[in-house]
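Along the sequence shown, residues are numbered consecutively beginning with 1. Heavy-atom basis, side chains included; hydrogens, waters and symmetry copies ignored.
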Amino acid sequence: MDGGREIQLQIRDAEGHASTSMDAISTKQSPLPNVRPKQWTWWFIVALNIFFLLAGQTAATLLGRFYYDQGGNSKWMATLVQTAAFPILFIPLFVIPSSPDTNAVCPPPIAKLVLIYIVLGLIIGGDNLMYSYGLLYLPVSTYSLICATQLAFNAVFSYFLNSQKFTSLILNSVVLLTFSAALLGIGSGSEESQSIPKGKYALGFVLTLGASATYSLILSLMQCTFQKVQKKETFSVVLEMQIWTAFFATCVSLVGLFASGEWKTLRGEMHGFAKGRVSYLMVLVWTALSWQLASVGVVGLIFVVSSLFSNVISTLALPIVPIFAVVFFHDSMEGVKIMAVLIAIWGFVSYIYQNYLDDIKAKKPVIALEILKTSANDTCFSFCSFFCNMVTD
């Protein structure tokens, strides 16, 4: 009897604290009480990284065009500044603590990682050079619209390398962005500037298109490296990938700058810069910083969301850069180009909407699991109370 009373007292104590215990369980497992502040923090981080990416990419593109317009002519220098400021990325690497990896795996061999970084660095260096040629031979607005085709290429590479499924919306986006680029190609005759040698527009068009395809390939290869080699995607891992690939890409640019002999013309280029020597140096410095600001945004979005989302947001500069190009460089925005803008935006919205649907679909099992866990705890607690009451009676 004493033992029975003791058990009954324990059960009564449990019943007396039942609401408190269930509140604790509900607070821990149900997303409703705690999700709101976490969501605000998450959205703030996402919005901040989107701002870094869009502001950095827009400023860097406009400054790159300004460099050419004011007398700059070194393609390798324009390539170098795209990655030369990578040491800035060491600041967030050392300052921001990386969250502990709960699914720790054996780290890959250093030699294997170095080989991957070198290969990706070489590809990035070549990709940046193609972008430099494209920006030299094309108006900024046309250059930006062609860069939007990276979404279409990203869909193709993600399908083969990252097992992404093709949906009707993604296919629609690929077709529309392809049509947008084709319209710009058809209208190339009216876009050629007197300052650009005859036939260079077509070369710039092809190189920019190739650079967009290569950039999408780079993102897919990085994602593949995270999934199959490093088998994790923490903040420090993503940032280290960005730093070391940029380091090797910078080495490629320096080799190209000296091997091509363009380094000999830099002094004359600086003295002949239309806005003066100080402006020449400031343009290069701020272009390099802008590209790294964009890189911080890319890294942040890859870490917080995904590399695919990062690529999508980088294309959001599509309607931004041409507007600034019209204001600062007096690019034309009439006829075929306006149609290309509208078609590209349509393709962009289709891609964004597909990502929204995928996100909703991915959240449903998580929400269902949380509800199931809460219900299971409620049921288990009620059953235990009922059983113990039966025993004591």
Regarding Ser74 and Glu262, is there a side-chain donor-to-acceptor distance under 3.5 Å anywhere?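 Result is yes, a qualifying pair exists.
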So which heavy atom on [X] is nearest to which on [Y], and how close?
| X | Y | answer |
| --- | --- | --- |
| Tyr67 | Ala78 | CE2-CB, 4.4 Å |
| Ala294 | Gln57 | CB-N, 3.7 Å |
| Leu301 | Val46 | CD2-O, 3.9 Å |
| Val296 | Asn49 | O-OD1, 3.5 Å |
| Trp76 | Ser260 | CD1-OG, 3.3 Å |
| Ala288 | Ala85 | O-CB, 3.6 Å |

[X] with [Y], same ILVMFWY side-chain cluster at under 4.5 Å:
| X | Y | result |
| --- | --- | --- |
| Val114 | Val255 | no |
| Trp291 | Leu120 | no |
| Leu122 | Phe258 | yes |

Does any pair with a residue in residues 68-84 pass salt bridge (charged side-chain N to carboxylate O under 4.0 Å, His left out), and if so which ones, sequence neighbours excluded? Arg65-Asp69
Taking salt bridge (charged side-chain N to carboxylate O under 4.0 Å, His left out) as the cut-off, I'd like each qualifying pair that reaches into residues 215-230, sequence neighbours left out, listed once. none
Beyond-backbone contact of Ile124 with Thr214, side-chain heavy atoms, under 4.5 angstrom: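 Ile124 vs Thr214: side chains apart.
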Within a strict 4.5 Å, meaning less than it, do heavy atoms of the Phe153 and Leu209 side chains meet? yes
Test side chain to side chain contact (heavy atoms under 4.5 Å, CB included) on Met222 and Thr245; report intermediate values, then the result. CA-CA 10 Å; Met222 284 184 174; Thr245 54; 3.9 Å; yes
Sequence neighbours excluded, which residues qualify as side chain to side chain donor-acceptor pair (under 3.5 Å) partners of [X]?
| X | result |
| --- | --- |
| Asn73 | none |
| Thr225 | none |
| Ser350 | Asn172 |
| Ser295 | Gln242 |

How would you list, by chain and number, every residue that makes a ring-ring contact (aromatic ring centres under 6.0 Å, His included) with Phe86, sequence neighbours excluded? Phe247
Residue pairs involving residues 276-290 (criterion side-chain hydrogen bond (donor to acceptor under 3.5 Å, both in side chains); sequence neighbours excluded): Glu269-Tyr280
Determine which pairs satisfy side-chain hydrogen bond (donor to acceptor under 3.5 Å, both in side chains) with at least one residue from residues 121-135, sequence neighbours left out, and list them in order.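 Output for this query lists Thr79-Ser132, Gln82-Ser132.
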Could you tell me whether the side chain of [X] and the main chain of [Y] form a donor-acceptor pair under 3.5 Å?
| X | Y | answer |
| --- | --- | --- |
| Thr208 | Tyr143 | no |
| Ser220 | Ser216 | yes |
| Thr265 | Gly261 | no |

Please enumerate all residues that pass side chain to side chain contact (heavy atoms under 4.5 Å, CB included) together with [X], with sequence neighbours excluded.
| X | result |
| --- | --- |
| Leu281 | Met270 |
| Phe51 | Ala55 |
| Pro87 | Phe90 |

Interatomic distance, Met282 atom CE to Leu63 atom CG [nearest 0.5 angstrom]: 10.0 Å
